[in-house]
2 protein chains.
Amino acid sequence: MELRHLRYFIAVAEEGHITRAAERLGMQQPPLSQQIRALERELDVQLLRRLPRGVELTEAGRALLSDARAILAHIDHAFTTTRRTARGELGRLVVGFTSSAPFHPFVPRVIRAFRDGAPGIALTLEESGTTELIEDLRHERVDAAFIRTHVTDPAGLTVNPLLEEAMLLALPATHAFAACGADGLPLPLAALAAETFVVYRRHAGPGLYDAIIAACHAAGFSPQVSQEAPRIVSTLNLVAAGLGVALVPASLRRMQMDGVAYRGLQGTPQPRAPLLLATRRADTSAVVRRFIDLVRQTARTFPRPVLSV
Amino acid sequence: MELRHLRYFIAVAEEGHITRAAERLGMQQPPLSQQIRALERELDVQLLRRLPRGVELTEAGRALLSDARAILAHIDHAFTTTRRTARGELGRLVVGFTSSAPFHPFVPRVIRAFRDGAPGIALTLEESGTTELIEDLRHERVDAAFIRTHVTDPAGLTVNPLLEEAMLLALPATHAFAACGADGLPLPLAALAAETFVVYRRHAGPGLYDAIIAACHAAGFSPQVSQEAPRIVSTLNLVAAGLGVALVPASLRRMQMDGVAYRGLQGTPQPRAPLLLATRRADTSAVVRRFIDLVRQTARTFPRPVLSV
DNA sequence: ATCTGCCATATCCTATCGATATGGATTTTG
DNA sequence: CAAAATCCATATCGATAGGATATGGCAGAT
């Protein structure tokens with residue numbers, strides 16, 4: 001059996017006429033007759049009743065006709081699906097992000113843009129820790145991940161820096177510095193020399209940790225670290241509990257947490273927090289490729305905050 | 001595109017190995033490689049990633065694989081459906097019957113037997129008058145019909161005599177002859193010489209009408225006909241209304257109608273009522289053929305009523 | 001570095017699909 | 001009523017393409 005048989009059969013059935021069907025198929029009548037007979041022989045079923053003036057379908061022929069049409073349509077559908085999948089218009093995509101990523105307005109915006117631009121993609125979002133996300137990427141449980149620090153061992157992965165933003169001081173609302181009015185004047189980093197710090201733990205991604213330590217050293221003191229938090233967001237919980245102050249990406253200001261006050265920093269150099277996209281280096285998926293392209297393109301044109309001091 | 005391409009592709013996808021797939025397909029590796037490439041060229045999509053140690057599917061290839069399997073299954077299904085249709089195991093059948101036919105126990109029994117024996121057939125039952133059934137047969141609205149008289153013009157049709165049964169006298173419950181006890185002794189036909197008769201109208205099918213008239217003549221009188229009824233069952237309504245007596249097939253005794261009493265007949269010859277199956281002579285449908293065969297076979301072995309005098 | 005495994009390319013053969021020619025059955029037409 | 005026309009089936013032949021064989025190339029394994 002080949003598709004040819006079905007195509008020929010449909011033509012004959014629709015024309016009710018072998019000669020006319022042959023014409024429509026751009027071939028001669030005898031080979032068409034033969035192919036139809038071959039189909040009947042293979043099925044061991046009479047599909048056509050030969051009349052003096054053309055042919056007509058038997059009941060079995062009618063049954064086959066509708067199926068044959070459906071099969072050809074099925075194949076058509078399979079082809080377009082395959083092509084669209086190859087073009088990255090169809091498929092699935094799992095995007096991971098750390099708890100702090102979605103606070104950056106870029107992340108929800110680019111994800112919404114991707115959904116709008118590729119409605120055929122089944123998009124899944126997964127929040128997780130940086131370490132877990134890296135593992136998920138390597139095990140193909142996640143296709144791309146928004147993270148906030150460079151990774152220690154990016155073997156097999158690509159980590160794309162997208163944007164940077166300033167960091168803010170998060171401090172307990174009861175703290176003396178918080179009294180200077182909500183969002184008071186920027187504070188020189190040196191003023192924090194005596195404070196104890198809550199930091200995002202280093203082993204997941206050293207970037208933020210090191211940037212904070214380096215900035216403090218540049219400001220002339222070595223910060224005292226009281227506590228490491230597993231996630232950026234959880235540093236705020238510790239700050240609210242009065243365990244110390246923290247430096248967090250500016251976008252976390254949107255998170256109005258009870259007992260936490262924010263203040264800007266002044267002076268140079270200032271610690272800055274990156275937003276990055278991690279993907280598999282060898283990933284050939286068109287969907288992932290489209291997603292990366294969109295993310296990088298959008299990042300390039302993303303409006304920098306006016307005051308990123 | 002031909003099915004060959006799909007079959008080959010599935011084998012390669014499942015083996016992850018062109019050489020091994022070729023072996024499984026009973027062919028050599030180079031032509032298989034060519035066919036796969038031809039498929040990729042036609043789709044303009046890369047389906048396989050060539051690795052140093054075998055091949056692996058691209059995302060598009062995975063999309064095609066599941067569709068390809070479904071398509072082959074679809075074809076398989078179409079083939080069995082076609083074959084079963086040809087064998088008469090699948091399809092539709094419309095069986096017509098006159099109002100009096102289902103009273104004969106043979107009819108419900110054979111229909112139930114057919115349903116049990118051919119569960120794949122969508123069976124439709126239609127009650128109608130003999131004339132209409134004949135028309136329905138000719139216009140293919142009905143495939144087979146149980147009727148109670150031979151038809152006047154059976155051109156293009158086959159009318160199969162199945163069974164015969166005795167006829168009973170149906171008379172108003174108030175009639176003098178009815179007083180002789182329910183189901184009293186058989187009455188000689190000659191006793192009815194003075195009665196007026198209600199008969200099933202002749203033009204639909206002359207059989208019953210003529211049989212009754214002939215029997216009366218043989219009994220030495222010419223019956224006086226007061227009224228013609230369009231259906232056998234409706235003769236009983238007229239009898240109940242006191243418009244006369246009627247001779248009806250014995251199986252109608254099962255119809256306990258208020259105001260109607262039944263008595264058997266004695267003497268020879270007695271009028272007898274046939275049960276017949278009408279079908280299209282040229283009908284090639286396997287379903288109809290199976291139905292006819294079953295009906296005739298069942299009729300042949302149907303237990304004759306012990307007293308069919 | 002050599003060898004092995006596996007896919008791609010090149011060339012040739014043959015099976016089969018399709019074209020041409022013809023026959024047979026039935027209906028339509030002169 | 002005979003002849004022409006219509007349409008499907010059969011027979012024969014040729015071209016296309018699918019498959020076989022031989023060989024090359026590339027990347028891991030030994």
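Residue numbering restarts at 1 for every chain, and letters A, B, ... go by the order of the sequence lines.
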- Message: Among residues at least two apart in sequence or on other chains, which ones pass salt bridge (Lys or Arg N to Asp or Glu O under 4.0 Å) with B:Arg87?
- Response: B:Glu89
- Message: Does atom CG (B:Asp116) have a neighbourhood of more than 12 heavy atoms from anything else shown, all under 6.0 Å?
- Response: yes
- Message: Reading DNA chain D in the 5' to 3' direction, which nucleotide is the first one with an atom under 4.0 Å from a heavy atom of chain B, and which is the last?
- Response: D:dG18 to D:dG28
- Please list, chain by chain and in numerical order, all residues satisfying salt bridge (Lys or Arg N to Asp or Glu O under 4.0 Å) with B:Asp210, sequence neighbours excluded. B:Arg202
- Give a yes or no on whether a salt bridge exists between B:Glu59 and B:Arg49, defined as a side-chain N under 4.0 angstrom from a carboxylate O. no
- Message: I need the residues from residues 13-40 of chain A with at least one non-hydrogen atom less than 4.0 Å from DNA chain D; give them sorted by number, or say none.
- Response: A:His17, A:Ile18, A:Thr19, A:Gln29, A:Pro30, A:Ser33, A:Arg37
- Item | A:His77: ring pair (Phe, Tyr, Trp, His ring centres under 6.0 Å) partners, not counting sequence neighbours | none
- Query: How long is the line joining CD of A:Glu2 and C1' of C:dA15, in whole Å?
  - Reply: 14 Å
- Query: Taking A:Arg280 for the side chain and A:Val142 for the main chain, is one N or O donor matched with an acceptor at less than 3.5 Å?
  - Reply: yes
- Query: Would A:Arg7 and B:Glu2 pass as an ion pair if we require N to O under 4.0 Å?
  - Reply: yes
Under-3.5 Å N/O pairs linking protein and nucleotides 23-27 of chain C:
none

- OP1 or OP2 of C:dC6 under 4.0 Å from side-chain N/O of B:Arg50: no
- For B:Leu276 and B:Leu162, the nearest pair of non-hydrogen atoms, with its separation, is C-CD1, 4.0 Å
- Does the distance from a Lys or Arg side-chain N to an Asp or Glu carboxylate O, for A:Arg62 and A:Glu56, drop under 4.0 Å? no
- Message: I'd like to know if A:Glu14 pairs up with A:Arg24 as an ion pair, taking the criterion as any Lys NZ or Arg NE/NH1/NH2 lying under 4.0 Å from an Asp or Glu carboxylate oxygen.
- Response: yes
